[in-house]
Visitor: 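Dumping the structure here so I can ask a few things about it.
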Amino acid sequence: MKYRNLFFDLDDTLWAFSQNAYDTFEEVYDKYGLGRYFDSFSHFYSLYQKRNAELWVEYGNGEVTKEELNRQRFLYPLKAVGVDDEMLAKRYSDDFFLIVPTKRRLMPYAEEVLSYLAPKYNLYILSNGFRELQSCKMRSAGIDTYFDKIILSEDLGVMKPWPEIFHFALSATQSELRESLMIGDSWDADIVGAHGVGMHQAYYNVSGRTDFPFRPTYSMTDLKELVELL
(Lines give C-alpha, C1' and ligand atoms only; values in the text may rest on other atoms or scores of the structure.)
Protein backbone atom coordinates (compact mmCIF):
# COMPACT_ATOMS: atom_id res chain seq x y z
CA MET A 1 0.00 0.00 0.00
CA LYS A 2 1.33 3.41 -0.97
CA TYR A 3 0.49 5.99 1.72
CA ARG A 4 0.86 9.71 1.40
CA ASN A 5 -0.52 10.85 4.76
CA LEU A 6 0.58 9.62 8.18
CA PHE A 7 -1.52 10.59 11.19
CA PHE A 8 0.34 10.19 14.49
CA ASP A 9 -1.05 10.15 17.97
CA LEU A 10 1.27 12.21 20.22
CA ASP A 11 1.18 11.02 23.83
CA ASP A 12 3.04 7.74 24.39
CA THR A 13 3.37 7.28 20.64
CA LEU A 14 5.97 10.01 20.03
CA TRP A 15 6.17 12.10 23.21
CA ALA A 16 6.80 9.94 26.29
CA PHE A 17 3.76 11.13 28.21
CA SER A 18 3.69 8.48 30.93
CA GLN A 19 7.30 9.04 31.99
CA ASN A 20 7.22 12.82 31.55
CA ALA A 21 4.01 13.09 33.59
CA TYR A 22 5.35 10.78 36.30
CA ASP A 23 8.52 12.85 36.63
CA THR A 24 6.52 16.10 36.80
CA PHE A 25 4.08 14.75 39.39
CA GLU A 26 6.95 13.61 41.60
CA GLU A 27 8.67 17.00 41.25
CA VAL A 28 5.58 18.93 42.30
CA TYR A 29 4.69 16.37 45.00
CA ASP A 30 8.05 17.09 46.61
CA LYS A 31 7.69 20.85 46.16
CA TYR A 32 4.46 20.94 48.16
CA GLY A 33 5.55 18.40 50.75
CA LEU A 34 2.65 16.09 50.05
CA GLY A 35 4.50 13.28 51.76
CA ARG A 36 2.87 14.50 54.95
CA TYR A 37 -0.47 13.26 53.64
CA PHE A 38 0.43 10.10 51.71
CA ASP A 39 2.29 6.91 52.55
CA SER A 40 4.52 7.48 49.53
CA PHE A 41 4.54 9.12 46.12
CA SER A 42 3.37 5.80 44.67
CA HIS A 43 0.35 5.94 47.00
CA PHE A 44 -0.53 9.41 45.72
CA TYR A 45 0.05 8.52 42.08
CA SER A 46 -2.05 5.36 42.16
CA LEU A 47 -4.98 7.35 43.54
CA TYR A 48 -4.51 10.00 40.87
CA GLN A 49 -4.26 7.52 37.99
CA LYS A 50 -7.41 5.63 38.94
CA ARG A 51 -9.61 8.71 39.08
CA ASN A 52 -7.91 10.33 36.10
CA ALA A 53 -8.72 7.34 33.89
CA GLU A 54 -12.37 7.46 34.97
CA LEU A 55 -12.60 11.20 34.35
CA TRP A 56 -11.18 10.92 30.82
CA VAL A 57 -13.92 8.43 29.99
CA GLU A 58 -16.51 10.84 31.42
CA TYR A 59 -14.95 13.71 29.45
CA GLY A 60 -15.02 11.66 26.25
CA ASN A 61 -18.70 10.95 26.85
CA GLY A 62 -19.45 14.62 27.42
CA GLU A 63 -20.32 14.07 31.09
CA VAL A 64 -17.75 16.51 32.50
CA THR A 65 -16.12 19.64 31.09
CA LYS A 66 -12.39 20.07 30.56
CA GLU A 67 -12.31 22.41 33.57
CA GLU A 68 -14.11 19.92 35.81
CA LEU A 69 -11.85 17.10 34.66
CA ASN A 70 -8.79 19.08 35.66
CA ARG A 71 -10.29 20.22 38.96
CA GLN A 72 -11.40 16.77 40.05
CA ARG A 73 -8.34 14.77 39.05
CA PHE A 74 -5.98 16.91 41.12
CA LEU A 75 -8.33 17.24 44.09
CA TYR A 76 -9.32 13.57 44.28
CA PRO A 77 -6.08 12.14 45.75
CA LEU A 78 -6.15 14.75 48.52
CA LYS A 79 -9.79 14.13 49.35
CA ALA A 80 -9.15 10.37 49.35
CA VAL A 81 -6.83 10.86 52.35
CA GLY A 82 -9.11 13.35 54.08
CA VAL A 83 -7.56 16.61 52.83
CA ASP A 84 -10.26 18.77 51.23
CA ASP A 85 -8.01 21.64 50.13
CA GLU A 86 -9.08 23.13 46.79
CA MET A 87 -6.35 25.79 46.86
CA LEU A 88 -3.58 23.24 47.34
CA ALA A 89 -4.96 21.13 44.50
CA LYS A 90 -5.17 24.22 42.29
CA ARG A 91 -1.55 25.23 43.00
CA TYR A 92 -0.40 21.68 42.32
CA SER A 93 -2.41 21.60 39.08
CA ASP A 94 -1.08 24.97 37.90
CA ASP A 95 2.53 23.94 38.50
CA PHE A 96 2.02 20.58 36.81
CA PHE A 97 0.67 22.19 33.64
CA LEU A 98 3.50 24.73 33.58
CA ILE A 99 6.20 22.08 33.91
CA VAL A 100 4.99 19.01 32.04
CA PRO A 101 4.99 20.48 28.50
CA THR A 102 8.63 21.51 28.95
CA LYS A 103 9.72 17.88 29.36
CA ARG A 104 11.68 16.55 26.39
CA ARG A 105 11.64 12.78 26.72
CA LEU A 106 10.47 11.04 23.55
CA MET A 107 9.56 7.44 22.89
CA PRO A 108 12.53 5.37 21.69
CA TYR A 109 13.67 6.25 18.15
CA ALA A 110 10.86 8.77 17.68
CA GLU A 111 13.02 11.55 16.29
CA GLU A 112 15.06 9.27 14.04
CA VAL A 113 11.89 7.80 12.55
CA LEU A 114 10.28 11.21 12.01
CA SER A 115 13.46 12.48 10.36
CA TYR A 116 13.31 9.54 7.96
CA LEU A 117 9.58 9.85 7.21
CA ALA A 118 9.21 13.63 6.92
CA PRO A 119 10.71 14.01 3.42
CA LYS A 120 8.61 11.13 2.10
CA TYR A 121 5.14 11.66 3.62
CA ASN A 122 2.74 14.31 4.86
CA LEU A 123 2.92 14.04 8.65
CA TYR A 124 0.09 15.13 10.95
CA ILE A 125 -0.72 14.90 14.65
CA LEU A 126 -4.17 13.61 15.59
CA SER A 127 -4.54 13.82 19.37
CA ASN A 128 -7.09 13.98 22.17
CA GLY A 129 -4.75 16.20 24.20
CA PHE A 130 -5.34 19.83 25.11
CA ARG A 131 -4.19 22.52 22.66
CA GLU A 132 -2.30 24.61 25.23
CA LEU A 133 -0.11 21.61 26.03
CA GLN A 134 0.40 19.65 22.82
CA SER A 135 2.14 22.31 20.73
CA CYS A 136 4.43 23.23 23.63
CA LYS A 137 5.34 19.56 24.21
CA MET A 138 6.31 19.20 20.58
CA ARG A 139 8.42 22.36 20.58
CA SER A 140 10.18 21.37 23.80
CA ALA A 141 11.02 17.95 22.40
CA GLY A 142 12.12 19.41 19.05
CA ILE A 143 9.66 17.53 16.85
CA ASP A 144 7.20 20.29 15.92
CA THR A 145 8.89 21.05 12.58
CA TYR A 146 8.22 17.55 11.25
CA PHE A 147 4.45 18.10 11.11
CA ASP A 148 2.30 19.96 8.62
CA LYS A 149 -0.73 20.26 10.90
CA ILE A 150 -1.90 19.41 14.43
CA ILE A 151 -5.50 18.21 14.68
CA LEU A 152 -6.89 18.03 18.20
CA SER A 153 -10.19 16.77 19.55
CA GLU A 154 -10.77 20.23 21.03
CA ASP A 155 -10.96 21.60 17.47
CA LEU A 156 -14.17 19.66 16.93
CA GLY A 157 -15.38 18.85 20.43
CA VAL A 158 -15.22 15.12 19.62
CA MET A 159 -12.54 12.70 20.78
CA LYS A 160 -11.00 9.64 19.19
CA PRO A 161 -12.36 7.00 18.61
CA TRP A 162 -15.50 8.77 17.35
CA PRO A 163 -15.60 8.76 13.54
CA GLU A 164 -16.25 12.50 13.31
CA ILE A 165 -12.70 13.36 14.44
CA PHE A 166 -11.16 11.12 11.78
CA HIS A 167 -13.38 12.55 9.04
CA PHE A 168 -12.53 16.04 10.28
CA ALA A 169 -8.79 15.26 10.19
CA LEU A 170 -9.01 13.96 6.63
CA SER A 171 -10.97 17.02 5.53
CA ALA A 172 -8.70 19.49 7.35
CA THR A 173 -5.61 18.02 5.68
CA GLN A 174 -7.25 17.32 2.30
CA SER A 175 -6.19 13.68 2.70
CA GLU A 176 -7.69 10.72 0.87
CA LEU A 177 -8.78 7.90 3.17
CA ARG A 178 -7.15 5.20 1.05
CA GLU A 179 -3.81 7.04 1.16
CA SER A 180 -3.80 7.57 4.93
CA LEU A 181 -2.48 5.63 7.92
CA MET A 182 -3.19 6.16 11.64
CA ILE A 183 -0.28 5.39 13.99
CA GLY A 184 -0.90 5.19 17.73
CA ASP A 185 -0.45 3.34 21.01
CA SER A 186 -4.08 3.40 22.15
CA TRP A 187 -6.04 0.42 20.88
CA ASP A 188 -9.41 1.95 21.74
CA ALA A 189 -8.79 5.52 20.58
CA ASP A 190 -6.39 5.16 17.65
CA ILE A 191 -6.84 1.69 16.23
CA VAL A 192 -10.55 1.09 16.83
CA GLY A 193 -11.27 4.66 15.73
CA ALA A 194 -9.33 4.44 12.48
CA HIS A 195 -10.66 0.95 11.73
CA GLY A 196 -14.20 2.24 12.19
CA VAL A 197 -13.85 4.71 9.32
CA GLY A 198 -11.91 2.35 7.07
CA MET A 199 -8.49 3.92 7.64
CA HIS A 200 -5.46 1.66 7.85
CA GLN A 201 -3.79 1.49 11.25
CA ALA A 202 -0.34 0.85 12.72
CA TYR A 203 -0.67 -0.22 16.34
CA TYR A 204 2.31 0.72 18.51
CA ASN A 205 1.90 -2.12 20.99
CA VAL A 206 3.96 -0.82 23.89
CA SER A 207 1.88 -2.74 26.46
CA GLY A 208 2.43 -6.16 24.89
CA ARG A 209 -1.26 -6.69 24.25
CA THR A 210 -2.15 -10.05 22.67
CA ASP A 211 -5.96 -10.11 22.63
CA PHE A 212 -7.01 -8.30 19.47
CA PRO A 213 -10.75 -8.14 18.63
CA PHE A 214 -9.59 -7.70 15.03
CA ARG A 215 -6.24 -7.73 13.29
CA PRO A 216 -4.80 -4.23 12.81
CA THR A 217 -3.28 -3.42 9.46
CA TYR A 218 0.14 -3.37 11.13
CA SER A 219 1.37 -4.07 14.64
CA MET A 220 4.76 -3.10 16.02
CA THR A 221 6.57 -2.96 19.33
CA ASP A 222 9.20 -0.46 18.22
CA LEU A 223 8.82 2.74 16.21
CA LYS A 224 11.78 1.70 14.05
CA GLU A 225 9.54 -0.95 12.53
CA LEU A 226 7.65 1.85 10.76
CA VAL A 227 10.64 2.36 8.49
CA GLU A 228 10.40 -1.26 7.36
CA LEU A 229 6.60 -1.26 7.13
CA LEU A 230 6.46 1.85 4.98
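Hydrogens, waters and symmetry mates play no part in the numbers below; they use all other heavy atoms, side chains included. Every value quoted in this text rests on a predicted model; they were computed, and no experiment measured them.
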Visitor: On a heavy-atom basis, which atom in Thr173 and which in Ser175 lie closest, and how many Å separate them?
Guide: OG1-OG, 2.7 Å
Visitor: If we check side-chain hydrogen bond (donor to acceptor under 3.5 Å, both in side chains) with Tyr3, which of these qualifies: Glu179, Glu176, His200, Arg178?
Guide: His200
Visitor: If you measure from CD on Gln134 to OG on Ser153, what distance do you get to the nearest 0.5 Å?
Guide: 8.5 Å
Visitor: Any chance the side chains of Asp185 and Thr13 put a donor and an acceptor closer than 3.5 Å?
Guide: yes
Visitor: Should Leu152 and Met199 be counted in the same cluster of Ile, Leu, Val, Met, Phe, Trp and Tyr side chains packed under 4.5 Å apart?
Guide: no
Visitor: Please check: side-chain N/O of Gln19 versus main-chain N/O of Ala16, any donor-acceptor pairing under 3.5 Å?
Guide: no
Visitor: Is it the case that the ring center of Tyr37 lies less than 6.0 angstrom away from the ring center of Tyr32?
Guide: no
Visitor: May I ask whether Leu10 and Phe7 are part of the same hydrophobic cluster, defined by side-chain heavy atoms of I, L, V, M, F, W, Y residues being less than 4.5 angstrom apart, directly or through others?
Guide: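 Hydrophobic grouping puts Leu10 apart from Phe7.
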Visitor: Could you go through Glu86 and Lys79, starting from their C-alpha distance and side-chain angles, then the distance that decides it, and tell me whether this counts as salt bridge (Lys or Arg N to Asp or Glu O under 4.0 Å)?
Guide: CA-CA 9 Å; Glu86 293 257 4; Lys79 293 185 74 171; over 6 Å; no
Visitor: Could you tell me whether Lys137 and Asp144 make a salt bridge, using a distance below 4.0 angstrom between a side-chain N and a carboxylate O?
Guide: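 Salt bridge flag = no for Asp144 with Lys137.
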Visitor: Distance from Arg139 atom CZ to Thr102 atom OG1, nearest 0.5 Å?
Guide: 11.5 Å
Visitor: If only atom types and distance count, is the side chain of Thr24 paired as donor or acceptor with the main-chain N or O of Asn20 below 3.5 Å?
Guide: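 Side chain of Thr24 to backbone of Asn20, a donor-acceptor pair under 3.5 Å: yes, one is there.
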Visitor: Between atom CG of Asn128 and atom CG of Asp11, what is the distance when rounded to the nearest 0.5 Å?
Guide: 9.5 Å
Visitor: May I ask you to test the Phe166-Met182 pair for a side-chain heavy-atom distance under 4.5 Å?
Guide: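 Yes, side chains in contact.
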Visitor: Can you confirm whether Lys120 is buried at NZ, in the sense that more than 12 heavy atoms of other residues, nucleotides or ligands lie under 6.0 Å from that atom?
Guide: yes
Visitor: Could you check whether Lys90 makes a cation-pi contact with Phe74, meaning its NZ or CZ is under 6.0 Å from the centre of the six-membered ring and within 45° of the ring axis?
Guide: no
Visitor: Run Arg209 and Tyr203 through side-chain contact (heavy atoms from CB on, under 4.5 Å) and show every step you take.
Guide: CA-CA 10 Å; Arg209 179 172 181 158; Tyr203 179 40; 3.8 Å; yes
Visitor: Do Leu75 and Arg71 touch side chain to side chain, with heavy atoms closer than 4.5 Å?
Guide: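 Sidechains of Arg71 and Leu75: in contact.
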Visitor: Do you know the tightest heavy-atom contact between Trp15 and Ala141?
Guide: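 That would be CD1-CB, 3.9 Å.
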Visitor: Keeping the roles fixed (side chain from Tyr121, backbone from Leu230), state whether a donor-acceptor pair exists under 3.5 Å.
Guide: yes
Visitor: Grab the two heavy atoms, one from Asn205 and one from Ser219, that are nearest each other, plus how far apart they are.
Guide: CB-OG, 4.2 Å
Visitor: Report yes if the distance between the aromatic ring centroids of Phe147 and Tyr124 is under 6.0 Å, otherwise no.
Guide: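 Judged by ring-centre distance (under 6.0 Å), Phe147 and Tyr124 do not meet the cut-off.
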Visitor: What class does the angle between the rings of Phe130 and Tyr59 fall in, given that below 30° is parallel, 30 to 60° is tilted and above 60° is perpendicular?
Guide: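 Perpendicular, since the angle between the ring planes exceeds 60°.
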Visitor: Under 3.5 Å, side chain of Ser127 to main-chain N/O of Asp9, donor-acceptor pair present?
Guide: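 Side chain of Ser127 to backbone of Asp9, a donor-acceptor pair under 3.5 Å: no, none is there.
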Visitor: Using side-chain heavy atoms (C-beta onward) and a distance below 4.5 Å, is Lys66 in contact with Glu154?
Guide: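 In contact.
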Visitor: Can you check whether Val28 reaches Arg91 side chain to side chain, under 4.5 Å on heavy atoms?
Guide: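 Side chain of Val28 against side chain of Arg91, heavy atoms only: no contact under 4.5 Å found.
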Visitor: For Glu68, is there an ion pair with Arg73 - N to carboxylate O distance below 4.0 angstrom?
Guide: no
Visitor: Do the side chains of Leu14 and Leu229 join up, straight or via other hydrophobic residues, at under 4.5 Å, putting them in one cluster?
Guide: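 Yes, it is one cluster - the side chains of Leu14 and Leu229 are joined through contacts under 4.5 Å.
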Visitor: Is it the case that the side chain of Ser171 and the backbone of His167 share a donor-acceptor pair, with hydrogens and angles ignored and the cut-off at 3.5 Å?
Guide: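 Pair absent, no side-chain N/O of Ser171 close to backbone of His167.
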Visitor: How far apart are the C-alpha atoms of Ile183 and Asp190, what are their side-chain angles, what is the distance that settles it, and do they pass the side-chain contact (heavy atoms from CB on, under 4.5 Å) test?
Guide: CA-CA 7 Å; Ile183 302 153; Asp190 302 316; over 6 Å; no
Visitor: Do the side chain of Asp155 and the main chain of Ile151 share a donor and acceptor less than 3.5 angstrom apart?
Guide: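 Not at all, since once roles are kept as given, no pair shorter than 3.5 Å links the two residues.
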Visitor: Side chains of Ile150 and Ser135, heavy atoms from C-beta outward: is any pair under 4.5 Å?
Guide: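 Of all side-chain heavy-atom pairs linking Ser135 with Ile150, at least one is under 4.5 Å.
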Visitor: Are the side chains of Glu63 and Val57 in touch, meaning some heavy atoms are under 4.5 Å apart?
Guide: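 Glu63 vs Val57: side chains apart.
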Visitor: In terms of hydrophobic clusters joined by side-chain contacts under 4.5 Å, are Leu69 and Leu156 together?
Guide: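 Each belongs to a different hydrophobic cluster.
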Visitor: Salt bridge or not for Lys160 and Asp188, using N-O below 4.0 Å?
Guide: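 Salt bridge between Lys160 and Asp188, a charged N being under 4.0 Å from a carboxylate O: no.
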Visitor: Checking ring-ring contact (aromatic ring centres under 6.0 Å, His included) for the pair Tyr45/Phe38: CA distance, chi angles, key distance, verdict?
Guide: CA-CA 10 Å; Tyr45 199 55; Phe38 299 91; over 10 Å; no
Visitor: Taking everything shown except Glu132 itself, do over 12 heavy atoms lie less than 6.0 Å from its CD?
Guide: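 Buried by this count: over 12 neighbours within 6.0 Å.
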Visitor: What about Tyr218 and Leu126, same hydrophobic cluster or not, with Ile/Leu/Val/Met/Phe/Trp/Tyr joined at side-chain heavy-atom distances under 4.5 Å?
Guide: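 No, because Tyr218 and Leu126 fall into different hydrophobic clusters, even though each may have its own neighbours under 4.5 Å.
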Visitor: Step through the shown structure and confirm whether more than 12 heavy atoms of other residues, nucleotides or ligands are within 6.0 Å of CZ on Arg215.
Guide: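 Atom CZ in Arg215 is not crowded, with 12 or fewer foreign heavy atoms closer than 6.0 Å.
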Visitor: Given the side-chain rings of Phe25 and Tyr29, with only the six-membered ring counted for Trp, is the space between their centroids under 6.0 Å?
Guide: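 No, ring centres 6.0 Å or more apart.
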Visitor: Answer with yes or no whether the side chains of Asp12 and Ser18 bring together a donor and an acceptor at under 3.5 Å.
Guide: yes
Visitor: Heavy atoms, side chains only, cut-off 4.5 Å: are Val206 and Thr221 in contact?
Guide: no
Visitor: Grab the two heavy atoms, one from Ser180 and one from Leu170, that are nearest each other, plus how far apart they are.
Guide: OG-CD2, 3.6 Å
Visitor: Just how far is it from atom CD of Gln49 to atom CZ of Phe44, taken to the nearest 0.5 Å?
Guide: 10.0 Å
Visitor: Out of curiosity, Asp148 CG to Gln174 CD, how far, rounded to the nearest 0.5 Å?
Guide: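 Those atoms lie 12.0 Å apart.
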Visitor: Could you tell me which non-hydrogen atom of Leu117 sits nearest to which non-hydrogen atom of Leu226, and how far apart they are?
Guide: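 Nearest heavy atoms, Leu117 then Leu226: CD1-CD1, 4.3 Å.
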Visitor: I need the minimum non-hydrogen distance between Lys50 and Glu54, along with the two atoms involved.
Guide: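 Looking at all heavy atoms of both residues, the shortest contact is NZ-OE2, 2.9 Å.
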Visitor: Any donor-acceptor pair under 3.5 Å linking the side-chain atoms of Asn122 with those of Arg4?
Guide: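 No pair is found: no donor N or O on one side chain lies under 3.5 Å from an acceptor on the other.
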Visitor: Using the ring centroid of each side chain, check whether Tyr76 and Tyr48 are separated by less than 6.0 Å.
Guide: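 Judged by ring-centre distance (under 6.0 Å), Tyr76 and Tyr48 do not meet the cut-off.
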Visitor: Between Asp95 and Lys31, does any NZ, NE, NH1 or NH2 come within less than 4.0 Å of an OD or OE carboxylate oxygen?
Guide: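 Looking at Asp95 together with Lys31, the answer is yes, because their closest N to O distance falls below 4.0 Å.
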Visitor: Keeping the roles fixed (side chain from Gln201, backbone from Thr217), state whether a donor-acceptor pair exists under 3.5 Å.
Guide: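 It does hold such a pair.
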Visitor: Measure the shortest side-chain to side-chain distance between Ile165 and Met159 over non-hydrogen atoms and say whether it is less than 4.5 angstrom.
Guide: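 Side-chain contact under 4.5 Å: no.
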Visitor: Report, as yes or no, whether the 6.0 Å neighbourhood of atom CH2 on Trp56 holds more than 12 heavy atoms from other residues, nucleotides or ligands.
Guide: yes
Visitor: Which is it for Arg51 and Leu47 under the side-chain contact (heavy atoms from CB on, under 4.5 Å) test, yes or no, and what are the steps along the way?
Guide: CA-CA 7 Å; Arg51 185 61 182 132; Leu47 290 170; over 6 Å; no
Visitor: Between the side chains of Lys224 and Glu112, is the shortest nitrogen-to-carboxylate-oxygen separation below 4.0 Å, so that they form an ion pair?
Guide: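 Looking at Glu112 and Lys224, the cut-off is not met.
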Visitor: Give the ring-plane orientation class for Trp187 versus Phe214, where under 30° counts as parallel, over 60° as perpendicular and anything between as tilted.
Guide: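 Aromatic pair Trp187/Phe214 classed tilted.
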Visitor: Just by modelled atom types, is the Glu111 backbone N or O under 3.5 Å from a matching donor or acceptor in the Ser115 side chain?
Guide: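 Here the side-chain-to-backbone pair does not exist.
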Visitor: Side chain of His195, backbone of Ile191: donor and acceptor closer than 3.5 Å?
Guide: no
